[in-house]
Protein chains: 2
Amino acid sequence: MSQTTFRALGDPTRRAILTMLADQDMTIGDVSDQFDMTRAAVKKHLTVLEAGHLITVRAQGRERYNALNPDGFAPIRDWLSFFDHFWDDRLANLKDVLEKEDPS
Amino acid sequence: MSQTTFRALGDPTRRAILTMLADQDMTIGDVSDQFDMTRAAVKKHLTVLEAGHLITVRAQGRERYNALNPDGFAPIRDWLSFFDHFWDDRLANLKDVLEKEDPS
DNA sequence: CTGAAGTGATACCAATTGGTGTCATATATA
DNA sequence: TATATATGACACCAATTGGTATCACTTCAG
């Protein structure tokens, strides 16, 4: 289900984390340095982001690097595209109607 | 802020409502007929969707029709496009590096 | 006018969420 | 080996959230 992904994006702190990860992969310590909250809180956010497949974690010694997972954004993009296509079609239908009413 | 928009999309019931509204504008009664929950609960969801500018409401007699607001999806699309562009650029940079290492 | 239909608003409740504090574990480093 | 560093895992708490029940208000129809 993509519910975990949508939910992960619902929190502003988590979206900020994703933006930061766009610049560079970061450890929990790196991330929590940028926020006025404990590492435990950041860890929870990272767990939610991982559950939503928006990030991946790779261990390196005692550090664990969090990195963006581009593929994780696909469900969101797909969901949006449903509406985009819908509006495209509706626009096309409107065009057809107009052309039938007043053929040029 | 687009936080209200992201938050609105975080709930599966609200996303289902949006999908239903793609087919046709609906009153609260229409919507709540489709879910196993009270009208009051549906009303709350619609309020959140309206706060996120994802729907608009127009009164018609004693009925109030809820309709999709295509423009409301823009913040989400824009936010996603930031990452899309980022990955495009990163891919381009990678290509540059490869071409420099092994000029064809 | 009277009653039914459609809705808004509020109080209330259980569950979830975002946060802290604390302790345990694993890994570098002196 | 001893110690500091980086992290994970809980237990716990306040605030938010999704839901219900209930009452008031507006509008349509007889």
Side-chain angles (χ1 to χ4, degrees), chain A residues 1-21 23-69 72 76, chain B residues 1-21 23-69 72 76:
Chain A
M1 273 300 293
S2 58
Q3 166 56 14
T4 52
T5 307
F6 275 101
R7 178 171 109 65
L9 292 183
D11 183 275
T13 299
R14 286 194 285 269
R15 292 198 304 281
I17 291 176
L18 290 177
T19 304
M20 288 168 45
L21 289 181
D23 277 335
Q24 51 178 333
D25 299 350
M26 300 172 84
T27 66
I28 292 193
D30 294 337
V31 175
S32 48
D33 283 346
Q34 308 292 324
F35 291 95
D36 187 25
M37 68 179 72
T38 62
R39 271 183 303 106
V42 169
K43 164 63 176 171
K44 280 193 182 179
H45 284 305
L46 291 174
T47 300
V48 173
L49 286 171
E50 194 181 5
H53 307 105
L54 290 168
I55 65 172
T56 56
V57 187
R58 78 169 177 282
Q60 182 173 324
R62 67 181 162 186
E63 298 179 329
R64 293 168 60 80
Y65 279 88
N66 300 274
L68 284 186
N69 177 32
I76 310 291
Chain B
M1 273 300 293
S2 58
Q3 166 56 14
T4 52
T5 307
F6 276 100
R7 179 170 108 66
L9 292 182
D11 183 275
T13 300
R14 285 195 284 269
R15 292 198 305 280
I17 291 176
L18 290 176
T19 303
M20 289 169 43
L21 289 180
D23 278 335
Q24 51 178 333
D25 299 349
M26 300 173 85
T27 66
I28 291 194
D30 294 337
V31 175
S32 48
D33 282 347
Q34 308 293 323
F35 292 94
D36 187 26
M37 67 179 74
T38 62
R39 271 182 301 107
V42 170
K43 164 64 176 171
K44 281 193 184 182
H45 284 306
L46 291 174
T47 299
V48 173
L49 287 171
E50 195 181 3
H53 307 105
L54 290 167
I55 65 171
T56 56
V57 188
R58 76 169 178 283
Q60 182 172 326
R62 67 182 161 186
E63 298 180 329
R64 294 168 60 79
Y65 278 89
N66 302 90
L68 284 187
N69 176 32
I76 310 291

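Naming: A, B, ... by sequence-line order, numbering from 1 per chain. Because the structure is a prediction, the values reported are computed rather than measured.
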Looking at the side chain of [X], which of [options] is the nearest nucleotide?
{"X": "B/Ala41", "options": "D/dG19, C/dG8, C/dT20", "result": "D/dG19"}
{"X": "A/Arg7", "options": "C/dG19, C/dT17, D/dG18", "result": "C/dT17"}
{"X": "A/Ile28", "options": "D/dT7, C/dG6, D/dG18", "result": "D/dT7"}

Worksheet entry | Backbone N/O of B/His53 and side chain of B/Asn69: donor-acceptor pair under 3.5 Å | yes

Item to complete: Heavy atoms only: give me the nearest A/Arg58-A/Ala67 pair and the separation to one decimal.
Response: NH1-CB, 4.4 Å

Discussion item. Any carboxylate oxygen within less than 4.0 angstrom of a Lys/Arg side-chain nitrogen, looking at A/Asp11 and B/Arg7?
Written reply: no

What's the [atom1]-[atom2] distance between [X] and [N], to the nearest Å?
{"X": "B/Glu63", "N": "C/dG8", "atom1": "CD", "atom2": "C1'", "result": "15 Å"}
{"X": "A/Lys44", "N": "D/dA9", "atom1": "NZ", "atom2": "P", "result": "13 Å"}
{"X": "B/Asn66", "N": "C/dG6", "atom1": "CG", "atom2": "P", "result": "15 Å"}
{"X": "B/Leu46", "N": "D/dG19", "atom1": "CG", "atom2": "P", "result": "12 Å"}
{"X": "A/Lys43", "N": "D/dC10", "atom1": "NZ", "atom2": "P", "result": "11 Å"}
{"X": "B/Phe6", "N": "D/dT17", "atom1": "CZ", "atom2": "P", "result": "17 Å"}
{"X": "A/Arg58", "N": "D/dA6", "atom1": "CZ", "atom2": "P", "result": "16 Å"}
{"X": "B/Met26", "N": "C/dG6", "atom1": "CE", "atom2": "C1'", "result": "15 Å"}

Do [X] and [Y] make a side-chain contact, defined as non-hydrogen atoms from C-beta onward lying under 4.5 Å apart?
{"X": "B/Thr13", "Y": "B/Phe35", "answer": "yes"}
{"X": "B/Leu49", "Y": "B/Ile17", "answer": "yes"}
{"X": "B/Asn66", "Y": "B/Ile55", "answer": "yes"}

Below the 4.0 Å mark, does [N] have OP1 or OP2 next to a side-chain nitrogen or oxygen of [X]?
{"X": "A/His45", "N": "C/dT17", "result": "no"}
{"X": "A/Thr27", "N": "D/dT7", "result": "yes"}
{"X": "A/Arg64", "N": "D/dA6", "result": "no"}

Discussion item. Apply side-chain contact (heavy atoms from CB on, under 4.5 Å) to residues B/Phe6 and A/Arg15 and explain how you reach the verdict.
Written reply: CA-CA 10 Å; B/Phe6 276 100; A/Arg15 292 198 304 281; 3.4 Å; yes

Worksheet item: Which of residues 32-40 of chain A sit near DNA chain C, with a heavy atom under 4.0 Å from it?
Response: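 Nucleic-acid contacts, sorted: A/Met37, A/Thr38, A/Ala40.
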
Discussion item. Any N or O donor-acceptor pair under 3.5 Å from the base of C/dT7 to the side chain of B/Arg62?
Written reply: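 Not at all, since no donor on one side and acceptor on the other fall under 3.5 Å apart.
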
